[in-house]
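In each ligand, atom 1 is the first atom listed, and ligand 1 is the first ligand listed. When reading the values below, keep in mind they use all heavy atoms of this one structure, side chains included, and skip hydrogens, waters and symmetry mates. Small disclaimer: the values here were computed from a predicted structure and weren't measured.
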Amino acid sequence: MSSRYREVYGQWQANPEAFWAEAAKAIDWVKPPKKIFDADAGVYGRWFPDATCNTCWNAVDRHVKKGRGAQTAIIYDSPVTNSKRKISYEQLQLEVASLAAVLQDRGVGKGDRVIVYMPMIPEAVVGMLACARIGAIHSVVFGGFAAKELATRIDDAKPKAVLAASCGIEPGRVVAYKPLLDQAIELSASKPTSVIMLQRPQGEATMIEGRDHDWAKLVADAKAKGKRADCVEMAATDPLYVLYTSGTTGVPKGVVRDNGGHMVALAWSMKALYGIDPGETFWAASDVGWVVGHSYIVYAPLLAGATTIVYEGKPIGTPDAGAFWRMIEEYKISALFTAPTAFRAIKKEDPNAEFLKKYATKSLRTLFLAGERADPDTVAWAEKILGVPVIDHWWQTETGWCIVGNPIGLGMLPVKHGSPTVPMPGYDVQIVDEAAKPVAANQMGSIVVKLPLPPGCLPTLWNQDDRMKESYLADFPGYYKTADAGFKDDDGYLYIMGRTDDIINVAGHRLSTGGMEEVLASHPDVAECAVIGIKDSLKGEAPCGFVVLKAGVTKSPMEIEKEIVKLVRDKIGPVAAFKIAVTVGRLPKTRSGKILRGTMKKIADHDPWTTPATIDDPLILEEIEAALKQHGI
Ligand code: COA
Ligand code: AMP
């Protein structure tokens with residue numbers, strides 16, 4: 001089949017507003033947009049400025065109204081608790097409207113923030129949709145973050161209420177969420193007035209009188225009294241959610257998503273990019289705490305009237321490397337979306353894909369990969385074992401949907417391993433030098449997107465227009481800085497090679513080395529430190545911390561290294577996967593005092609390296625090499 005991509009991209013280029021006005025017809029509006037884009041509003045303009053709508057209506061109620069009530073909306077499959085459940089659109093509507101009424105009873109309304117701190121259970125989705133229904137702004141915090149990270153988010157979002165579960169379940173251990181939540185609320189200056197706690201039998205939470213309420217009881221009461229909240233009319237430009245993501249410091253960025261543009265972009269992507277029709281089953285094997293979870297576990301599949309999957313398990317070990325194949329067979333999944341690291345994990349455990357032979361996976365049409373660079377070996381392996389197209393696509397928390405991809409719904413373009421293919425309509429992607437001048441094909445440069453960003457992308461950072469401008473719009477005037485570097489080939493295919501800032505990508509999770517350095521520096525025996533991301537065959541990258549100890553420290557370096565590893569786990573969380581701390585006598589620096597992290601990374605990765613001309617003392621690099629060797633690197 002020939003692809004319609006060029007024709008469709010051309011339509012967008014010729015008239016972006018007409019393109020998005022057409023795409024907006026997929027949405028039920030309260031007041032349909034008359035104006036499509038207002039260049040003078042917001043930081044760089046706003047989409048659908050005069051329209052009103054409700055995201056929950058579009059994700060749930062309208063499907064019930066149009067006869068999809070009995071269709072499964074959410075499949076919950078939890079190998080870690082041995083449970084499975086299906087929730088129809090009609091049941092989802094009841095659950096969401098009842099919880100929304102509970103929130104209203106607790107004084108939560110339009111514009112109020114609600115933190116959602118929950119594992120991969122359907123109630124997390126119900127919680128998000130209940131907020132959307134009444135115009136409250138949810139902010140989901142990933143369960144693998146520690147109390148301090150949660151506290152930072154509470155302080156910034158100032159939530160009126162928290163929706164939480166008593167525990168999460170990781171293979172072999174129950175992670176009690178409640179003590180982390182209590183500690184976080186204690187640490188934060190802003191105190192939520194209500195905590196609505198879903199008690200899980202694997203680990204029940206101790207409740208604090210007055211503040212904490214039992215989720216199940218409140219919802220049962222609301223149902224018994226027939227209390228259901230209606231969908232509230234929202235401006236298309238009102239925030240739907242705030243999702244915090246790593247910035248270059250320990251203070252995360254609150255990425256804001258609006259209601260209208262978000263729905264339009266996601267609905268367009270479900271068909272044109274992922275090729276999914278209503279009634280089909282789409283599985284994003286991620287977590288609701290990440291952007292992939294927000295967009296492609298919760299909102300996009302439900303906006304499209306598809307069936308989505310909430311999977312509480314891992315690609316391996318729950319119980320084995322056949323977990324994904326079982327899911328595909330059992331639920332007749334049409335498309336799977338995950339991070340390359342999941343496939344690296346399966347490949348490592350079962351290189352000949354023996355487990356795959358036990359399952360019929362013929363329903364699967366496409367595998368989509370994103371979240372980190374898809375290495376050609378893993379892509380080739382996945383293609384070989386599954387016999388379906390494997391589509392890498394590139395995007396960010398900030399954009400909320402794909403920047404560069406291969407639009408299956410418009411007809412697949414030829415796949416080139418190592419490239420996520422071409423820009424989606426809405427994105428004019430350019431490779432530029434430091435002076436914002438476009439570079440020639442095949443030349444590396446900074447990847448930027450010409451403003452305005454399309455619907456769905458962040459309009460700003462929560463309460464921080466200036467940080468938005470400074471972080472993304474100041475370096476390349478007229479463009480959004482992606483902070484990724486790469487090149488375009490002669491066919492216009494993009495290659496994403498790495499970040500230009502200190503963000504690293506560990507198992508598809510985005511982490512700030514700057515944030516980790518802040519933690520290392522807080523150890524009383526550490527004089528100086530540097531954290532870099534080093535190559536890891538499973539997780540893509542792994543953080544590696546170097547510390548210089550203060551003079552007169554009597555503890556052994558090994559003891560301090562252990563303490564540092566624990567400190568990062570306690571302050572940032574297990575998700576940081578910080579396991580390597582290396583004590584060194586000094587750090588390599590330029591004569592002006594800049595730490596030579598790039599050279600340290602090359603040494604740790606065993607890549608060819610040369611001594612930078614500006615180095616203060618070249619001998620230090622040999623010391624670094626020796627210290628890494630002692631740690632088996
Ligand atoms: N709550 C509490 N702890 C969590 C958690 C959660 N929701 N999610 C992860 N953790 C913990 C893990 O248990 C692990 O702890 P450990 O150091 O005690 O082993 C740590 O955080 C690191 O987690 P992770 O990086 O996920 O590693 P893993 O070894 O548990 O699993 C993979 C490795 C590759 C199987 C896993 O990363 C994976 O499935 N990735 C899929 C990709 C993905 O979901 N990407 C998200 C963006 S698309
Ligand atoms: P996040 O905001 O967590 O989705 O992380 C976004 C970052 O992950 C991007 O800026 C890239 O550095 C990286 N990334 C995401 N998808 C890809 C991809 N397909 N190829 C290469 N890098 C990717």
Would you confirm whether the ring centroid of Y44 sits within less than 6.0 angstrom of the ring centroid of Y480?
->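 Between Y44 and Y480, which both carry aromatic rings, the centre distance is not below 6.0 Å.
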
For this output row, return yes or no: ring centroids of F145 and H509 closer than 6.0 angstrom.
->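 Distance test on ring centres: not under 6.0 Å, no.
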
Can a salt bridge be assigned to the pair K84 and E330 using a cut-off of 4.0 Å between side-chain N and carboxylate O?
->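 So K84 pairs with E330 through a salt bridge.
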
Starting from [atom], what is the nearest protein heavy atom, named by residue and atom, and what distance separates them?
atom	answer
atom 6 (C) of ligand 2	W395 O, 3.6 Å
atom 5 (O) of ligand 2	R510 CD, 3.5 Å
atom 8 (O) of ligand 2	N505 ND2, 3.2 Å
atom 9 (C) of ligand 2	D484 OD2, 3.2 Å
atom 16 (N) of ligand 2	G371 N, 3.1 Å
atom 4 (O) of ligand 2	T397 N, 3.6 Å

How many angstroms lie between OH in Y299 and CE in M263, if you round to the nearest 0.5 Å?
->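 So the gap between those two atoms works out to 10.0 Å.
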
Under 4.0 Å from any heavy atom of I496, which atoms of ligand 2 are there?
->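 Counting from 1, the qualifying ligand atoms are 21 (C), 22 (N).
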
Under 4.0 Å from any heavy atom of R499, which atoms of ligand 2 are there?
->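 Contacts of ligand 2 toward R499, numbered from 1: 9 (C), 10 (O), 12 (O).
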
So, do I333 and I309 sit near enough that their side-chain heavy atoms are less than 4.5 Å apart?
->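 Yes; the side chains approach each other to less than 4.5 Å.
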
Is there any N or O on T245 that sits under 3.5 Å from an N or O of ligand 2?
->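 No: no nitrogen or oxygen of T245 is under 3.5 Å from one in ligand 2.
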
Compare E398, M497, Q396, E372 and give the one whose heavy atom is closest to atom 17 (C) of ligand 2.
->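 Minimum heavy-atom distance to atom 17 (C) of ligand 2 goes to E372.
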
Hey, are T81 and S83 close enough side-chain-wise for a donor-acceptor pair under 3.5 Å?
->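 Yes, because at least one side-chain N or O of S83 sits under 3.5 Å from a partner of the opposite role on T81.
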
Any chance NZ of K602 has more than 12 other-residue heavy atoms, nucleotides or ligands included, within less than 6.0 Å?
->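 Open.
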
If a pair satisfies salt bridge (charged side-chain N to carboxylate O under 4.0 Å, His left out) and one of its residues is in residues 492-511, list it, with sequence neighbours excluded.
->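 Every pair satisfying salt bridge (charged side-chain N to carboxylate O under 4.0 Å, His left out) with a residue in residues 492-511: E398-R510, R499-D501.
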
Part of H509 within contact of ligand 2 (heavy atoms, under 4.0 Å) |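 Under 4.0 Å from ligand 2, H509 contributes no heavy atoms.
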
Write out all pairs satisfying side chain to side chain donor-acceptor pair (under 3.5 Å) with one or both partners inside residues 165-174, taking only residues at least two apart or from two chains.
->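 For residues 165-174, and leaving out neighbouring residues, the side chain to side chain donor-acceptor pair (under 3.5 Å) pairs sorted by first residue read E170-K314.
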
Not counting sequence neighbours, which residues clear salt bridge (charged side-chain N to carboxylate O under 4.0 Å, His left out) with E563? List them please.
->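 E563 satisfies salt bridge (charged side-chain N to carboxylate O under 4.0 Å, His left out) with K555 only.
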
Ligand 1: protein residues within heavy-atom distance under 4.0 Å =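 Within the 4.0 Å shell of ligand 1, which is judged on heavy atoms, sit F142, G143, G144, E170, R173, V175, Y177, A285, S286, W290, V292, K314, P315, A339, T341, A342, A507, G508, H509, K539, R569, P574, V575, K579.
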
Check for a donor-acceptor pair, side chain of W401 on one end and backbone N or O of P455 on the other, with a separation under 3.5 Å.
->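 Answer holds: yes.
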
